Structure formats: structure tokens, C-alpha cells
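Some notes on the structure that comes next.
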Amino acid sequence: FFFFFTIFTLFQLNDISDLFVLSGYITALLIFYFSSKSDFNIGFYIKKSLVFLGFIFLLTAIMSFGSGSSVSLKGQYQGYFGNANTFAGLAGLFFTLFFCQYLQSQKIISKYLYIVSSFILLVFIFLAFSRGVILSVSAVAIFSLFKFGRKFKLLLVLFVGLIGFYYLLFGKIQSLDLNRDVFEDTGRLLIFQEYYIALSERLFFFGTGVSIEMGRIKSELSYLDVWLSSGLGLLGFLLYLFRSLYLSFRLSDVQSIWATSLFLYICISSIFEGYVANVASIPSILFYIIPAIIWMYYRSNRLTLSNRSA
């Protein structure tokens with residue numbers, strides 16, 4: 001993926017700024033490589049750092065509540081971010097992290113702290129009403145409960161009950177059109193047609209690299225962006241993606257729940273957002289760090305099983 005992305009960029013280079021953008025993707029490759037070779041404790045420190053950032057995000061979201069600029073013109077909550085989808089994307093990321101911490105924590109105080117924080121973030125997610133994030137956190141929470149939850153049946157009922165409660169509660173707010181279907185016609189069919197035309201013109205093989213063509217279709221469909229920009233490099237990208245997902249599903253240690261769930265959240269939410277096609281946001285950077293951590297968890301578990309067998 002990186003090889004073809006770089007080749008197509010260099011062949012269609014417009015100006016020096018394209019090289020700066022390209023360097024961001026090369027940095028992402030180096031982040032993945034060195035993270036996978038680092039000490040096992042890197043997962044611990046990254047998780048702690050994300051938890052710290054999550055609480056900062058939660059506090060700023062609460063502090064911004066009630067201010068005039070915290071609500072978009074469409075009535076969606078956006079906090080201090082100026083964009084409801086950006087706010088919701090991070091809220092969903094930290095909700096996933098806190099929810100996993102709740103499932104993993106052994107101390108009662110910690111469990112209450114994380115479940116209350118998760119509840120508040122879920123409120124903000126529904127206030128922002130990003131349908132992609134709502135779908136993503138619902139899918140990941142159910143995955144986490146089935147795979148790692150000890151009493152997942154009760155938790156699943158409570159989670160689904162909360163979803164229903166929020167729909168009933170916020171459905172009364174007239175400023176939000178909560179009756180919209182997640183897959184309603186919002187012009188995405190035309191966007192798909194533009195992608196098809198752009199890809200067919202390049203025989204579905206040649207990519208645009210970092211160029212004007214790459215940004216010509218104003219879309220947040222990450223996977224089609226990857227295909228258009230890297231061409232044949234899409235095969236390498238899919239290998240990286242599915243290999244990481246495969247290792248995620250193989251892990252059964254509760255200590256790895258945060259990494260597997262966050263990676264799954266980023267993958268699902270990227271259907272609606274531009275995370276995996278970019279390198280300039282927290283979810284985009286984590287898309288390259290977390291698979292390296294998942295690999296370390298998998299390698300550690302495999303070595304443990306081998307030692308037990310010996």
C-alpha cells in the first residue's frame with residue numbers, strides 16, 4: 001500500500017506540499033513498525049495516555065455544555081470542536097475505551113468511574129447524533145460484551161435498553177431529525193458513481209497518490225479513498241486490515257479488550273468517516289499503532305501457550 005501510494009504520488013507530483021502530505025503516511029508506516037518492535041509495556045502506556053486524554057475530552061465536553069457555540073446550526077452538539085462529526089467520533093472512541101475499562105477493571109470504584117463516564121459520553125454521542133458513530137459504538141459494545149463480558153446477557157439487555165431510552169428521550173427534541181434512516185439517500189449514490197468513474201478511468205489499477213485528483217471527490221468514504229489514491233496498493237491495505245482483524249478475533253485475554261475494540265471501532269466508523277484514509281487525527285494515528293499492539297498481545301499469548309505446552 002505505501003509503496004504504490006508513494007510511486008503514484010511521485011509520478012503525479014504537483015508541488016512540494018504533496019511531499020509533506022506523503023511524509024505523514026511514511027511516518028504512519030514507521031509508527032507501526034517501531035511499535036510492533038517495542039517493549040510489551042508500550043500497550044500499557046498508550047492505554048493510560050488514551051484514558052488520560054479521554055477524561056480531558058469528557059471534562060471539556062461537560063464544560064462546553066450550554067454555551068452558544070456548542071450546538072451546530074443543525075442542532076447537533078459539537079462542544080468546542082466546531083464540527084459535530086469530529087466531536088462524535090472522539091466521543092465514540094473514548095466511550096469504547098471507557099466501556100472496555102469497565103469490563104476489565106476489578107476495583108469497584110474504578111468500575112463505577114468508567115461506567116458513569118461511558119454513560120455521559122453516550123449522552124453526548126446522541127446529542128451530536130452522528131449516525132455512523134451510533135452504529136459503530138453499538139456494534140463494538142455488543143462485540144465486547146459477547147467476547148469478554150462475564151455477564152454479557154444482562155449487560156447486553158441494559159445496553160440495548162439504554163439505546164432505546166435515548167431514542168425515546170431525544171426523539172422529543174425537535175431540533176434533531178432523529179427519524180432519519182442511517183442509510184437514507186443523502187447523495188451517497190452520486191458519490192459512489194463519481195468514485196466508479198474515477199476508478200474506471202484508471203482501470204481500477206492506477207492510483208492518484210497525493211494529488212488534486214485524490215481530493216476531487218469530497219467524501220468521507222475511507223475505503224474508496226484508499227482505493228482511489230493507491231490503486232493496486234489497495235491489496236496491501238486490505239491484507240494489513242484483515243490480518244489485524246483476524247488477530248483481534250483470535251485474542252481472548254481480557255487485558256487486550258481495549259485494543260481489539262478500539263481497532264474494530266475505527267474500522268467500522270471509517271465506513272462513514274475518513275479515518276483510515278488520513279493520518280491527521282487521533283483515530284487515524286491509532287489505526288497504525290493499535291494493530292502493532294494487537295500483534296504484541298497475540299505474540300505474547302502464543303509464546304505463553306507454547307511454554308505451557310513445553
Side-chain angles (χ1 to χ4, degrees), residues 1-32 83 85-86 88-89 130-133 135-136 139 180-246 248 263-288 290-291:
F1 164 66
F2 281 102
F3 173 78
F4 281 102
F5 186 79
T6 301
I7 292 297
F8 291 133
T9 297
L10 295 178
F11 270 112
Q12 303 171 86
L13 193 65
N14 291 310
D15 53 52
I16 194 67
S17 63
D18 289 349
L19 295 179
F20 284 108
V21 177
L22 177 63
S23 66
Y25 289 89
I26 302 302
T27 301
L29 173 62
L30 295 176
I31 285 174
F32 169 76
N83 184 286
N85 288 333
T86 301
S130 173
R131 292 164 295 166
V133 173
L135 177 63
S136 300
R180 297 181 302 171
D181 184 8
V182 173
F183 301 105
E184 70 180 354
D185 183 10
T186 56
R188 289 190 182 274
L189 179 60
L190 295 177
I191 294 175
F192 274 112
Q193 290 174 346
E194 288 190 60
Y195 271 112
Y196 179 80
I197 294 173
L199 288 167
S200 61
E201 288 175 350
R202 298 173 174 274
L203 304 178
F204 302 94
F205 183 87
F206 299 99
T208 64
V210 178
S211 67
I212 297 176
E213 281 293 308
M214 179 184 177
R216 182 168 64 87
I217 302 176
K218 300 301 181 182
S219 170
E220 295 175 340
L221 306 175
S222 284
Y223 300 103
L224 291 179
D225 287 336
V226 170
W227 191 359
L228 181 60
S229 61
S230 65
L232 183 62
L234 174 69
L235 297 178
F237 178 87
L238 293 178
L239 180 63
Y240 169 81
L241 177 67
F242 288 117
R243 176 183 178 274
S244 301
L245 286 173
Y246 169 77
S248 298
F263 185 67
L264 187 61
Y265 168 77
I266 295 171
C267 291
I268 296 176
S269 59
S270 293
I271 299 173
F272 314 99
E273 297 293 337
Y275 297 137
V276 304
N278 297 305
V279 289
S281 67
I282 291 178
S284 301
I285 297 172
L286 290 176
F287 181 71
Y288 294 97
I290 292 181

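For the numbers below, each heavy atom of this structure counts, side chains included, while hydrogens, waters and symmetry mates do not. In this text the structure is predicted, and so the values were computed from the model without any measurement.
Of the possible donor and acceptor atoms, one in the side chain of Gln12 sits under 3.5 Å from a partner among the backbone N and O of Gly207. A donor-acceptor pair under 3.5 Å links the side-chain atoms of Ser284 to the main chain of Tyr275, judged by distance alone.
Between Tyr25 and Phe1, the angle of the ring planes goes over 60°, which puts this pair in the perpendicular group of the 30/60° scheme. Taking the six-membered ring where tryptophan is involved, the planes of Phe206 and Phe8 are perpendicular, since the angle between them exceeds 60° and thus also 30°. Ring geometry for Tyr240 versus Phe32: interplanar angle over 60°, hence perpendicular rather than tilted (30 to 60°).
Across every non-hydrogen atom of Gly209 and Thr9, the tightest pair is CA-OG1, 3.3 Å. Shown here for Cys267 and Phe287, the closest heavy-atom pair between the two residues is SG-CE1, 4.2 Å. Closest non-hydrogen pair, Ile26 versus Phe2, comes out as N-CE2, 4.2 Å. Pairing each heavy atom of Ala88 with each of Ser130, the nearest pair is CB-CB, 3.5 Å. Contact between Ile266 and Pro283 at its shortest, heavy atoms only, is CD1-O, 3.5 Å. The two residues Val210 and Phe5 make their nearest non-hydrogen contact at CG2-CZ, 3.4 Å.
Here the side chains of Leu10 and Leu19 are in contact, with some heavy-atom distance below 4.5 Å. Looking at Tyr288 and Leu29, their side chains never come closer than 4.5 Å, going by heavy atoms from C-beta outward.
Outside the 6.0 Å centre-distance limit, the rings of Trp227 and Phe237 are not counted as a close aromatic pair.
Atom OG of Ser270 and atom OH of Tyr265 lie 9.0 Å apart (nearest 0.5 Å). The line from OG1 of Thr86 to CD1 of Ile282 is 11.0 Å long, rounded to the nearest 0.5 Å. Separation of atoms CD1 (Ile285) and CG (Asn278) is listed at 11.0 Å; rounding is to 0.5 Å. Remark: Glu194 CD to Leu224 CG distance equals 11.5 Å, nearest 0.5 Å.
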- Item | Worked check of side chain to side chain contact (heavy atoms under 4.5 Å, CB included) between Phe205 and Leu234 | CA-CA 9 Å; Phe205 183 87; Leu234 174 69; over 6 Å; no

